[in-house]
Every structure is written in structure tokens, then in C-alpha cells.
Visitor: 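My questions will all concern the structure given below.
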Amino acid sequence: MTKILLLSDTHSYIDDDILKYVKEADEVWHAGDIGDIAVTDAIRKLKPLKAVYGNIDNTIIRSEFPEHNRFMCEDVDVWITHIGGYPQAYDVRVRETIKANPPKLFISGHSHILKVMPDKKLNLLHMNPGAAGKHGFHKARTMLRFTIDGTKIDNLEVIEFNKRY
């Protein structure tokens, strides 16, 4: 069983509250808009990290992380990208590929809106962890944590921090 912490849209923000959850995970996945390489450096000091760059990320981050990261976690095919859309409304950048070769778990960020929903047509689960940083229109900072055990995605929890204002 692998314990995953999923976050996105940190926009250069990392603090002890986030790092507390990092320490409890086996792996951390970041769905883009990292903002500052210091964010991923802080995470990497504690746990293995898989990440993608987002639309605000600079050339340093873009040289470190891909736009799309597709990998296996145990027996689950995972695809992380920053701008991916949602079931029934996938972004043009992923639409044809996801239809032709859907993963079991599709993760995106960008919207700052936490959402977990199945795509019954493609038989996949979509996750967007919302935004863990302080920059943006969101009122609450959020992340997700869950486990992967073989083919099973389970124990999903929403982590919500105090309101930003």
C-alpha cells in the first residue's frame, strides 16, 4: 500500500502545515503551478516527489518537471498534468489521448477547485486537489490524500486549511 499526498497550485508557498502532511505520506504528487523550485526542494528533502509544471512555472521548474507525467503506482496507471479539464470537458491538450488510452487515475490542477469525480465512459477517476497555496481566488487551501493498494484507490481524505482571509 502506498500513501499519497496530492497537492497543486502552491504558487511559491510552502509551510510547516503542508510539510506535516508530506512527512506522513509515502509519496507526494504535485499537479503544477509550483511557483518556486524551493517548494519542490523542501518536499524532496522529506519524500519522493512526482510533479508537473504549470502555466505560471518558470524555465527552471520546466526543465526539472514535465508537462505530463504518466506512470504506474502499484497497479494503477496514473496521469498527472496541470491543465487537463474534467470528465465531459477535457482540455484540448489531452482530449484525444485520454480517449484513446485512458489512465485509471487522471489528475489535474489549475482550477483551484477541489474536485474528485468518476468518468464512467472512460472508466477512470479524476482528481483535482484544489490549491494549497495562498495566491488565487480560492477561499480555502486544500490538498488530498489517499492510498493505492494494488489496483484499489482508497481512503480518500480532503485536507482543508483555515480560510485564507
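Given the structure is predicted, the values throughout are model-derived calculations rather than measurements.
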Visitor: Other residues, nucleotides and ligands only: do more than 12 of their heavy atoms fall within 6.0 Å of CG on Leu46?
Guide: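 Yes, CG of Leu46 has more than 12 neighbouring heavy atoms, counting only those of other groups under 6.0 Å.
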Visitor: I'd like to know if the side chain of His30 pairs up with that of Thr40 as donor and acceptor (distance under 3.5 Å, no hydrogens or angles considered).
Guide: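 No, no side-chain donor-acceptor pair sits under 3.5 Å.
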Visitor: Answer yes or no: is there a donor N or O on one side and an acceptor on the other, between the side chain of Thr142 and the main chain of Pro129, under 3.5 Å?
Guide: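 At least one qualifying donor-acceptor pair exists.
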Visitor: Going from CG on Asp9 to NE2 on His82, what distance comes out if it is rounded to the nearest 0.5 angstrom?
Guide: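 So the CG of Asp9 and the NE2 of His82 are separated by 4.5 Å.
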Visitor: Are Ile153 and Lys104 close enough that some pair of their side-chain heavy atoms sits under 4.5 Å apart?
Guide: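 They are in contact (side-chain heavy atoms under 4.5 Å apart), so the answer is yes.
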Visitor: Should Val94 and Met127 be counted in the same cluster of Ile, Leu, Val, Met, Phe, Trp and Tyr side chains packed under 4.5 Å apart?
Guide: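 No, separate clusters.
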Visitor: Hey, mind stepping through Met1 and Asp26 against side chain to side chain contact (heavy atoms under 4.5 Å, CB included) and telling me if it holds?
Guide: CA-CA 9 Å; Met1 181 173 62; Asp26 295 324; over 6 Å; no
Visitor: Between atom CD1 of Ile80 and atom CG of Leu105, what is the distance when rounded to the nearest 0.5 Å?
Guide: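 So the gap between those two atoms works out to 7.5 Å.
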Visitor: Is Tyr53 reachable from Ile83 through a run of hydrophobic residues whose side-chain heavy atoms are each under 4.5 Å from the next?
Guide: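 Hydrophobic grouping puts Ile83 apart from Tyr53.
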Visitor: Could you tell me if the side chain of Arg141 sits less than 4.5 Å from the side chain of Ile18, heavy atoms only?
Guide: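 In contact.
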Visitor: How close do Leu122 and Lys99 get, heavy atom to heavy atom, and via which atoms?
Guide: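 Result for this residue pair: CD2-CA, 4.1 Å.
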Visitor: Is it the case that over 12 heavy atoms from other parts of the model lie below 6.0 angstrom from the CG atom of Asp154?
Guide: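 Yes, because the 6.0 Å sphere around CG of Asp154 holds more than 12 heavy atoms from other groups.
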Visitor: Would you say the side-chain atoms of Asp33 pair up with the backbone N or O of Asn55, donor to acceptor, closer than 3.5 Å?
Guide: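 Looks like yes, one N/O pair under 3.5 Å.
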Visitor: May I ask you to decide if Gly84's main-chain N or O and Asp91's side chain share a donor-acceptor pair within less than 3.5 Å?
Guide: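 Answer holds: no.
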Visitor: Find the distance between OH (Tyr86) and NZ (Lys115) and round it off to the nearest 0.5 Å.
Guide: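 Rounded to the nearest 0.5 Å, the OH-NZ separation comes to 4.5 Å.
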Visitor: Mind checking ring-ring contact (aromatic ring centres under 6.0 Å, His included) for His112 and listing every partner two or more places apart, or none if nothing turns up?
Guide: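 For His112, the residues satisfying ring-ring contact (aromatic ring centres under 6.0 Å, His included) (neighbours in sequence not counted) are His11, Phe137, His138.
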Visitor: Is a side-chain N or O of Arg44 found less than 3.5 angstrom from the main chain of Val39, in a donor-acceptor match?
Guide: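 It does not hold such a pair.
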Visitor: Can you tell if the side chain of Pro103 reaches within under 4.5 Å of the side chain of Ile98, non-hydrogen atoms only?
Guide: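 Sidechains of Ile98 and Pro103: in contact.
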Visitor: Restricting to ring-ring contact (aromatic ring centres under 6.0 Å, His included), what partner residues turn up for Phe106, sequence neighbours left out?
Guide: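 Phe106: ring-ring contact (aromatic ring centres under 6.0 Å, His included) contacts with Trp79, Tyr90, His126.
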Visitor: So, applying salt bridge (charged side-chain N to carboxylate O under 4.0 Å, His left out) with Glu27, which one of Arg145, Lys47, Lys50 is it?
Guide: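 Looking at Arg145, Lys47, Lys50, the match for Glu27 under the salt bridge (charged side-chain N to carboxylate O under 4.0 Å, His left out) is Lys50.
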Visitor: Any donor and acceptor pair, going by atom type alone, linking the side chain of Arg70 with main-chain N or O of Asp77 inside 3.5 Å?
Guide: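 Between the backbone of Asp77 and the side chain of Arg70 there is no qualifying donor-acceptor contact (under 3.5 Å).
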Visitor: Linking I/L/V/M/F/W/Y whenever their side-chain heavy atoms sit closer than 4.5 Å, directly or via other members, would Leu19 and Ile159 fall into one cluster?
Guide: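 Yes: a chain of side-chain contacts under 4.5 Å links Leu19 to Ile159.
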Visitor: Between Thr81 and Glu67, is there a donor-acceptor pair closer than 3.5 Å when you use the side chain of the first and the backbone of the second?
Guide: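 At least one qualifying donor-acceptor pair exists.
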Visitor: Please report the closest heavy-atom contact between Gly54 and Asp57, naming both atoms and the distance.
Guide: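 So the two residues come closest at N-OD2, 2.6 Å.
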Visitor: Between NZ of Lys20 and CG of Asp15, what distance do you get to the nearest 0.5 Å?
Guide: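 If I round to the nearest 0.5 Å, the distance is 10.5 Å.
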Visitor: Any side-chain heavy atom of Leu5 within less than 4.5 Å of one from Met143?
Guide: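 They are in contact (side-chain heavy atoms under 4.5 Å apart), so the answer is yes.
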Visitor: Can you tell me how far CG of Leu124 sits from CG of Asp119, rounded to the nearest 0.5 angstrom?
Guide: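 Reported to 0.5 Å precision, the distance equals 4.5 Å.
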Visitor: Name all residues meeting the ring-ring contact (aromatic ring centres under 6.0 Å, His included) criterion together with Phe146; count only those two or more places apart in sequence or in a different chain, and write none if there are none.
Guide: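 Phe146 satisfies ring-ring contact (aromatic ring centres under 6.0 Å, His included) with Trp29 once adjacent residues are dropped.
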Visitor: Answer yes or no: is there a side-chain heavy-atom contact under 4.5 Å between Asn128 and Ser108?
Guide: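 Side chain of Asn128 against side chain of Ser108, heavy atoms only: contact under 4.5 Å found.
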Visitor: On a heavy-atom basis, which atom in Ile148 and which in Glu74 lie closest, and how many Å separate them?
Guide: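 Taking Ile148 first and Glu74 second, the nearest heavy atoms are O-OE2, 3.1 Å.
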Visitor: Quick one: does Thr10's side chain have a donor or acceptor within less than 3.5 Å of a partner on Ile34's backbone?
Guide: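 Checked: pair present.
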Visitor: Minimum heavy-atom separation for Gly32 and Ser8, please, with both atom names.
Guide: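 Minimum heavy-atom separation between Gly32 and Ser8: O-OG, 3.4 Å.
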Visitor: I'd like to know if Phe71 and Phe65 are part of one continuous hydrophobic network [Ile/Leu/Val/Met/Phe/Trp/Tyr, side-chain heavy atoms within less than 4.5 Å].
Guide: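 Shared cluster, no.
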Visitor: Identify the two heavy atoms, one from Cys73 and one from Ile4, that lie closest to each other, and give their separation to 0.1 Å.
Guide: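 In terms of heavy atoms, the two residues are closest at SG-CD1, 4.2 Å.
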Visitor: Just how far is it from atom CG of Asp17 to atom CZ of Phe161, taken to the nearest 0.5 Å?
Guide: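 Rounded to the nearest 0.5 Å, the CG-CZ separation comes out at 5.5 Å.
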